[in-house]
J.: 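I'd like to ask you about the structure that follows.
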Amino acid sequence: MSINNHTIKFTEFEKKVLEIVSTIPLGQTHSYKWVAQKAGRPRAVRAVGQVLKKNPFPLLIPCHRVIKNNGSLGGYSLGCKVKKSLLDLEKFITHS
DNA sequence: ATCATGACTAATG
DNA sequence: CCATTAGCCATGA
């Protein structure tokens with residue numbers, strides 16, 4: 001039994017974005033814009049989306065905590081329903 | 001090098 | 001509140 005030694009190639013931009021998203025604490029949410037800014041590319045908002053869409057480890061990297069600037073959900077690789085559920089759950093947890 | 005692709009945003013009707 | 005629109009950008013083909 002072995003785990004394939006796949007080498008995942010990351011772009012600097014990707015690494016930065018993923019890293020940043022990883023820092024978002026439980027129960028909190030931020031916009032794609034926010035991430036873009038933190039990554040030093042204030043306008044690369046759509047690009048951020050691209051990265052999150054390819055997110056290798058959903059759940060491990062809390063990309064579900066990233067929503068639109070206007071407050072609406074935005075998308076999610078595993079489905080918006082899941083995203084919403086997770087956010088509700090986390091809100092519930094941190095609110096208890 | 002060029003082009004299409006979005007998990008976006010801000011502005012407008 | 002909904003629809004459309006132009007601007008913007010890192011990627012991959």
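Keep in mind that this is a model prediction, so the values were computed, not measured. Reminder, nothing fancy here: chain letters follow the sequence lines and each chain counts from 1. Any value given below was found using the heavy atoms of this structure, including those in side chains, with hydrogens, waters and symmetry copies removed.
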J.: Hydrophobic cluster mates of A:Ile67, side-chain heavy atoms under 4.5 angstrom, ILVMFWY only, any path?
T.: A:Leu73, A:Leu87

J.: Answer yes when A:Glu19 and A:Lys16 have at least one side-chain N-carboxylate O distance shorter than 4.0 Å, and no when they do not.
T.: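 Salt bridge flag = no for A:Lys16 with A:Glu19.
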
J.: Using the heavy-atom set of chain A and a strict 4.0 Å cut-off, write down the first and last nucleotide of DNA chain B that makes it in, 5' to 3'.
T.: B:dT5 to B:dA10

J.: Please list, by residue number, the residues of residues 62-88 of chain A whose heavy atoms come closer than 4.0 Å to an atom of DNA chain C; answer none if no residue qualifies.
T.: none

J.: Please enumerate all residues that pass salt bridge (charged side-chain N to carboxylate O under 4.0 Å, His left out) together with A:Lys54, with sequence neighbours excluded.
T.: none

J.: For each nucleotide in nucleotides 8-13 of chain C, reading 5' to 3', give B when a protein heavy atom comes within less than 4.0 Å of its base, S when such contact involves only the sugar-phosphate, and - otherwise.
T.: BSSS--

J.: If the condition is salt bridge (charged side-chain N to carboxylate O under 4.0 Å, His left out), which residues does A:Glu14 pass it with, not counting sequence neighbours?
T.: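 Counting only residues at least two positions away or on another chain, A:Glu14 forms no salt bridge (charged side-chain N to carboxylate O under 4.0 Å, His left out).
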
J.: So if I take residues 15-27 of chain A and measure heavy-atom distances to DNA chain C, which residues fall below 4.0 Å?
T.: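 DNA chain C contact set from residues 15-27 of chain A: none.
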
J.: What's A:Lys53 touching, base or sugar-phosphate or nothing? Going by heavy atoms closer than 4.0 Å.
T.: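 Contact class for A:Lys53: base.
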
J.: For the residue pair A:Phe13 and A:Ala39, what are the closest heavy atoms and their distance?
T.: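 The answer is CE1-CB, 4.4 Å.
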
J.: Suppose we screen for side-chain contact (heavy atoms from CB on, under 4.5 Å). Which residues come up paired with A:Ile93, at least two apart in sequence or across chains?
T.: A:Leu26, A:Leu89

J.: As an exercise, state the distance from OG1 of A:Thr23 to CD1 of A:Ile61, rounded to the nearest 0.5 Å.
T.: 11.0 Å

J.: Out of curiosity, does A:Val35 fall in the hydrophobic cluster containing A:Phe10 (side-chain heavy atoms, cut-off under 4.5 Å, transitive links)?
T.: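 A:Phe10 clusters together with A:Val35.
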
J.: Only counting residues at least two apart or in another chain, list the ones meeting salt bridge (charged side-chain N to carboxylate O under 4.0 Å, His left out) with A:Arg65.
T.: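 Only A:Glu90 meet the salt bridge (charged side-chain N to carboxylate O under 4.0 Å, His left out) criterion with A:Arg65.
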
J.: Suppose we screen for side-chain contact (heavy atoms from CB on, under 4.5 Å). Which residues come up paired with A:Ser72, at least two apart in sequence or across chains?
T.: A:Lys68, A:Asn70

J.: Considering residues at least two apart in sequence or located in another chain, which fulfil the salt bridge (charged side-chain N to carboxylate O under 4.0 Å, His left out) criterion with A:Lys53?
T.: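 A:Lys53 satisfies salt bridge (charged side-chain N to carboxylate O under 4.0 Å, His left out) with no residue once adjacent residues are dropped.
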
J.: With sequence neighbours excluded, tell me which residues meet side-chain contact (heavy atoms from CB on, under 4.5 Å) with A:Gln28.
T.: A:Ile24, A:Pro25, A:His30

J.: Please compare A:Asn55 and A:Lys33 by the position of their nearest nucleotide in DNA chain B and report the one closer to 5'.
T.: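 Nearest-nucleotide comparison on DNA chain B picks A:Asn55.
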
J.: What pair of heavy atoms forms the shortest contact from A:Val82 to A:Tyr76, and how long is it?
T.: CG1-CE2, 3.9 Å

